[in-house]
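To find a chain, count down the sequence lines: A is the first, B the second, and so on, and within it residues start at 1.
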Amino acid sequence: MGVGKSLIRVDAREKASGTAKYVADLEPENALIAKVVRSTIANGIVKSFDIKEALAVPGVIKIVTCFDVPENKFPTPGHPWSTDTSHQDIADRNLLTKRVRIYGDDIAAVIAENEVAAQRAVRLIRVEYEEFTPMLSVEESLAEHASILHDDYPENILGHSSFHLGDVSYAEAVKEEGLVQIERVYETQAVQHCHLEVPHSFAYMEKGRVVVVSSTQIPHIVRRVIGQALSIPWGKVRVIKPYIGGGFGNKQEVLYEPLNAYLCTLVGGRCVKLELTREETMACTRTRHAIKYHLAAAVRKDGTLVGRTFRAYSNQGGYASHGHGIVANGANMFKQLYRDEKVLESESFTVYTNRSTAGAMRAYGIPQGAFATECLIEDLAHAIGMDPIEFRLKNCMKEGYVDPHNGITYYGGDALQECIAKGKEFIQWDAKRAEYRNQTGPVRRGVGMALFCYKTGVYPISLETAACRMILNQDGSMQLQMGAAEIGQGSDTVFTQMAAETTGISEDRIHIISEQDTDITPFDTGAYASRQSYVSGAAVKQTGELLKNKILNYAEFMLKRSAEEMDVRDNQIIDKATKAPLLAMEDLAVEAFYSLERSQHITAESTYQCKDNTFSTGAGFVEIEVDLPLGKIKILKIVNVHDSGRLLNPKLAEAQVHGGMSMGLGYALGEELLYDEKGRPQNDNLLDYKLPTAMDTPPLNVIFVERQDPTGPYGNKSLGEPPAIPQAPAIRNALLHATGLAFDSIPLGPEKLVKRFREEGLI
Amino acid sequence: MYDIGSIYLASDIQDAVAALNNNPVAEIISGGTDVLIKVRAGKQAGTELVSIAGIQALKGIERDGAGTIVIKPGTVFSHIVDNEIIRAYLPYLAEACDQVGGPQIRNMGTIGGNICNGVTSADSASVLYTLNAEMELTGAEGVRYVRMADWYQGPGRTVRKRNEVLTAIRIFQSEYEGFYGHYMKYGKRNAMEIAVLCCAALVKLSQDKTKVEELRMGYGVAGPNPLRCHKTEALAAGRVLNQELLDLVRKSVLDEVNPRSSFRASKEFRLQLIEELAERTLREAIGQAGGCHKCLKL
């Protein structure tokens, strides 16, 4: 009982048997269908619509265009609201837009009785545009006569930040004699989350309020944003989140719920369903930012990192979404993972363009930042002829590291060093580094690795708050109700284990309510930032202690013994000292409900505000084989080694790492959103967007270095996002080892490889 | 929900032909793995369909007394892959059919659809081309026969008229007897792929297994339609099995192909694959044929 055991997922049977309810299982059969009309240009202005023919399609109920909706901009990212206006998310989006900023922008919507009628109407709507040149790159958006995408940002720069660490400038520091300096440009691509369940919601009105059932990671935030978008009191909105088929950050965003809610208000509150297609999901929701990093570094021949400069340009796409926070997070990680003896200069830009809007995606800017960081570190080691692991050990994050800006501290001791040692042994680093030196021929092998560090939650940049409710039933079982969202990661299961650990009521008697309903569920900001087991977990612990105290107080009344001498273990009130059972929980509960003397419904509820944060760290190691003439990389062996604190559920933890590794492999080797020169998506489907299949996935190995985290409620810290970080740089570094060629961009797809191999005369 | 104007479920071949003649805009649907995608994308929305999926005479594989293998076009890929006749006589066709899409597509998609949609990336096409397969088309005016060499008429186009039904694919014994082959599909992934390039090689060796008696090289996505490299085949005939032969084939095929650039792959990359797959596919085919190991480090 409790944390640390591999309890079977509490939703395993429902999900495996198909009885778990998702949005599609709940929508009424007579729901009206809404379809978004999308722009067929990437940059311009809608001048007019011709909707006559579309309106004549039998079954079409209403067509709403961008000229019909109120001018009321709202923000969409899943962040806690800031009561300080200067820290509020950027509100740059309307329900429908006249100003077209991406190909497929939301310019009108059709409501119809069925899907075919809605599709027919969408195809029949004629649109007249004033078209501007699409700006797909940061460079184009920053050019002198670039069109302005948002009037509040006349230079198309959404965000800019910089910092300087050290007493000297980089230019000054590199005057030292004998330094080896390198300068590189590393580039990452836009990718998509590809959660199995597409964004899907339905909305109806009840008693003058709007109810939205949606596949989201952030139900309470969706409620607030719908209120903001429709200019109605937040209490007039009710959001229900059933089981969802994955999110990975794309649903840490308010996507189409406000439009869905608005459309339902236009048809007298009838239920309207808005389900995106896969193509719409890939092109018109959110992506992971493509970022270009201009880096320089200076190192002594003994391997001392003397200084680095970092300048990053993040391609935001058409709307702010999570905006500058993504590239800034990567800049922080660049700083945190290694020590510069003299100086670190850092500057980041986030720039609006006409590409699909970028937002949150698993690890929030760190996969990009880690790629750049770990390429640079590898190239530095290469430049001075030092073993890349030795070089990293000399300069990487160590026990007691404190981030100079936000105070986040590394409490892992030598866990990162141990992760490196374990990975090194697993991959047989020394032997393979020697064996694969100076290869020739068409098939070559290499080993590579990369480090990472990752925070846990968003404090102190943002608020961290979570609430939990526990209700004791007549039979001694309990309902556990969380504001935190189960999105497939297994949070319901570990919360159940935590509640068991703290209250002494066993998991089989804890009934967690998976669904969030903002009318009923306590508040939580939702599933993101690898925060829930840490922040919401602390709410479980705090609430569990409250509940246990109430139980013991009642036991004191019943048994006439001091509550302090008693405890709860395995559904029994026990003597703390002798562990002898004194009273069964069910007997206590039934008495508490029905006592003629003292009837008490034992419940507990509390809010936990987390004012702490902690680093997880780890390393990824890989051995690859490259088929040069075909440009194919085969993964021979891969392992993630994680310092993630105490494991709450080892099997679930391992599964979490497997999923992340698979995602990281796709990012490294094949996934990339492609656009033509007009900004039109070219591979917005799962045939041409190369998500790896089971046949592409090697055995995934996971090693944990388990250390109790002093700040985590159960010694735990982040593990949701870190698994997806190290694969791209590790594979790239293995490719350098195999071929002697440093590739500076991902994905490492065959065509890119073959082109370079030919240029360099390898084939 | 699919925007389908009408669908007629034909009971037999004559019924299908009649239905196609009665409705001048009707198109055939069989497994639906191409048609439904087009309907969903709005390209064929409101379409009028004649389904041949229920016609039993269009399903199955036979080998007659003359050794002719008849594949009925409504046979789905997974049934071809598992068929004993195919495994015994045309294992390379099974290899090709086993690489179409994913398991669900292979359970629905038919070999007839693969040939009739006219696309250059069709996995079964380059193999059927190396086998000089014969297509039987049945229309209102009767039956006609077309060899693979005369089948294609440009990207996505074949000689089949809208109101004709492909009723048999025939492979004659003389076209496969003594041949060994291999099919390679190059995709960016190992499954659920559309070919970036595909290559089929069929080879018949001399009795002592030291020379090529006859070679057939077929490609997909190396031009607007599946194609054969006849000049290379002629060059290889009678040659000793050695690296020189492979080098000759590698270079020679490049003169017979015409790949294009698309977002999926550039022309240059496809040319690299054409050359590389020529050697790898042929090497494997020669190995299957029991080619002299000493002559060709197999």
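Looking at Ile763(A), only its side chain comes within 4.5 Å of chain B, counting heavy atoms on both sides. Of the two parts of Glu751(A), the backbone and the side chain both hold a non-hydrogen atom closer than 4.5 Å to a non-hydrogen atom of chain B. Within the 4.5 angstrom heavy-atom criterion, only side-chain atoms of Leu277(B), from C-beta onward, approach chain A. Both the backbone and the side chain of Gln272(B) come within contact range of chain A, with heavy atoms under 4.5 Å apart. There is no contact between Asn685(A) and chain B, counting heavy-atom distances below 4.5 Å. Contacts between Asp696(A) and chain B at a heavy-atom distance below 4.5 Å involve backbone atoms as well as side-chain atoms. Heavy atoms closer than 4.5 Å to chain A are found in the side chain of Tyr186(B), but not in its backbone. For Ser262(B), no part lies under 4.5 angstrom from a heavy atom of chain A.
For NE2 of His193(A), the number of neighbouring non-hydrogen atoms (other residues, nucleotides, ligands) closer than 6.0 Å is greater than 12. Counting non-hydrogen atoms of neighbouring residues, nucleotides and ligands closer than 6.0 angstrom, the NZ atom of Lys752(A) exceeds 12 such neighbours.
Of the listed residues Lys632(A), Arg758(A), Glu279(A), Met695(A), the one with more heavy-atom pairs under 4.5 angstrom with chain B than any other is Lys632(A). Contacts with chain A were tallied for Ala45(B), Ser266(B), Gly101(B), Ala41(B); Ser266(B) has the most, counting heavy-atom pairs under 4.5 Å. Ranked by non-hydrogen atom pairs under 4.5 Å with chain B, the options Leu674(A), Asp676(A), Asp627(A) are led by Asp627(A). Comparing Met192(B), Glu275(B), Glu268(B), Arg40(B) by how many heavy-atom pairs each has under 4.5 Å with chain A, the most go to Arg40(B). Counting heavy-atom pairs closer than 4.5 Å to chain B, the top residue among Asp688(A), Thr277(A), Leu686(A) is Asp688(A). Comparing Lys188(B), Arg189(B), Arg280(B), Arg264(B) by heavy-atom pairs within less than 4.5 Å of chain A, the highest count is held by Arg189(B).
At least one cation-pi condition fails for Arg157(B) and Tyr152(B): the charged atom is not both under 6.0 angstrom from the six-membered ring centre and inside a 45 degree cone around its axis.
Residues Asn107(B) and Ser78(B) bring a donor and an acceptor atom of their side chains to less than 3.5 Å of each other. Inspection of the Tyr22(A) and Glu197(A) side chains reveals no N or O donor paired with an N or O acceptor under 3.5 Å.
Heavy-atom minimum distance, Leu630(A) versus Pro750(A): O-CB, 3.6 Å. For Leu665(A) against Pro698(A), the heavy-atom pair with the smallest separation is CD1-CD, 3.8 Å.
Lys185(B) places a side-chain N or O within donor-acceptor distance of the main-chain N or O of Glu193(B), the cut-off being under 3.5 Å.
Atom CG of Asn83(B) and atom CG of Leu93(B) lie 9.5 Å apart (nearest 0.5 Å).
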